[in-house]
Every structure is written in structure tokens, then in C-alpha cells.
Undergrad: 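A single structure is presented below for examination.
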Amino acid sequence: MRQYAAMEALKNGETAVASMVEEYGRRRRVIVKGLRNAGLSCLDPEGAFYAFPSIAGLGLSDDEFAERLLIEERVAVVPGQAFGECGRDHIRCCYATALPQIEEAIERIGNFVSRQELH
């Protein structure tokens, strides 16, 4: 049965793949633009399902930022240090979810960032 499914995907799956690529591109653009508008520096992800904005200058470690964002705004992000020392002062924001949820999270992140004192 798996072989039949694989053959079907190979024969007729290009349209679905193109649609998925387009949709994730839209999500990527929304999250990156939203993070930048919130005042966070964020590079365009290349081939990933997450953005990795810098929180440097906000006066919080990435652990503190993630914990307080969760408590205060009910948005979960992963502290950048979880991915090694080079992730310090960054957070990982996944955009492999529905666009309305991404937009809501971006609004909440913006609210949180606006309450922080820049250092």
C-alpha cells in the first residue's frame, strides 16, 4: 500500500508541493515582517520553518524573554541558547502553524517588546 501511495505522490504530487511552498513562503514573510515591525532584527529564514530574531538590547536573556513572553502574553518561543552558544540573545519562532495564529502571536510579541526598556 505504501508503494502505491508513493507512486501517486510522485505522479501527481507536484501541485500539492507547489501549494505548500507558496503557503510557507507567505507565513515566513508575515512572521519576519511582524518581528521586524516589533523592533526585532530578523534575517529571512532559508529552508526552515522558523525565524530566529535577535532580542539583543532588550535587557533580557533569551531564557528570560521566552519565560516572560509565555507568562505575560501566552506565546511560546524557544530560547536561542538551546541551539548552542551562537543562539544567545535570539529566540526561535516556529511558523509551521496556521496564519491566524502567527498573526496573533506577532501582535502579542509586539506588545511584549514594546513594554521592554531598551538597553
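For the single chain, residues carry numbers from 1 onward in sequence order.
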Undergrad: Report yes if the side chains of L69 and V77 come closer than 4.5 Å at any heavy-atom pair, otherwise no.
TA: yes
Undergrad: Rounded at 0.5 Å granularity, tell me how far OG in S61 sits from CD1 in I91.
TA: 11.5 Å
Undergrad: Mark yes when over 12 heavy atoms from residues, nucleotides or ligands other than L43 sit less than 6.0 Å from its CG; otherwise mark no.
TA: no
Undergrad: Between V113 and V78, is there a shared hydrophobic cluster once you connect ILVMFWY residues whose side-chain heavy atoms come closer than 4.5 Å?
TA: no
Undergrad: How long is the gap from CD1 on I102 to CG on L35, to the nearest 0.5 Å?
TA: 10.5 Å
Undergrad: Does R92 count as lying over the ring of Y50, i.e. NZ or CZ under 6.0 Å from the six-ring centre, within 45 degrees of the axis?
TA: yes
Undergrad: Side-chain contact, heavy-atom cut-off 4.5 Å: P53 with C93?
TA: yes
Undergrad: In plain terms, say whether R115 and E72 are close enough for a salt bridge, that is, a side-chain N and a carboxylate O under 4.0 Å apart.
TA: yes
Undergrad: Say whether, by atom type as modelled, one donor and one acceptor occur between the side chain of D62 and the main chain of G80 under 3.5 angstrom.
TA: yes
Undergrad: Measure the spacing between CD of E73 and CD1 of I109 and express it to the nearest 0.5 Å.
TA: 9.0 Å
Undergrad: Do the side chain of D89 and the main chain of I55 share a donor and acceptor less than 3.5 angstrom apart?
TA: no
Undergrad: So V75 and L70, side-chain contact (heavy atoms from CB on, under 4.5 Å) or not? Walk me through it.
TA: CA-CA 5 Å; V75 174; L70 181 60; over 6 Å; no
Undergrad: If you measure from OG on S41 to CZ on F52, what distance do you get to the nearest 0.5 Å?
TA: 12.0 Å
Undergrad: Salt-bridge test for E64 and R68: reply yes if a basic N is under 4.0 Å from a carboxylate O, no otherwise.
TA: no
Undergrad: Show the nearest heavy-atom pair for residues L40 and S54, with the distance to one decimal.
TA: CD2-O, 3.5 Å
Undergrad: Is there a side-chain contact between E103 and L99, using heavy atoms and a 4.5 Å cut-off?
TA: yes
Undergrad: Drop me the distance from E104's CD to R74's CZ, to the nearest 0.5 angstrom.
TA: 12.0 Å
Undergrad: Step through the shown structure and confirm whether more than 12 heavy atoms of other residues, nucleotides or ligands are within 6.0 Å of CD on E23.
TA: yes
Undergrad: Decide yes or no for L58 and F112: does some side-chain heavy atom of the first lie under 4.5 Å from some side-chain heavy atom of the second?
TA: no
Undergrad: Would F65 and F83 show up in the same hydrophobic cluster when neighbours are defined by side-chain heavy atoms closer than 4.5 Å?
TA: no
Undergrad: Calculate, to the nearest 0.5 Å, the distance between atoms CG and CZ belonging to D44 and R29 respectively.
TA: 9.5 Å
Undergrad: Would you check if the side chain of Y95 reaches a backbone N or O of A48 as a donor-acceptor pair within less than 3.5 Å?
TA: yes
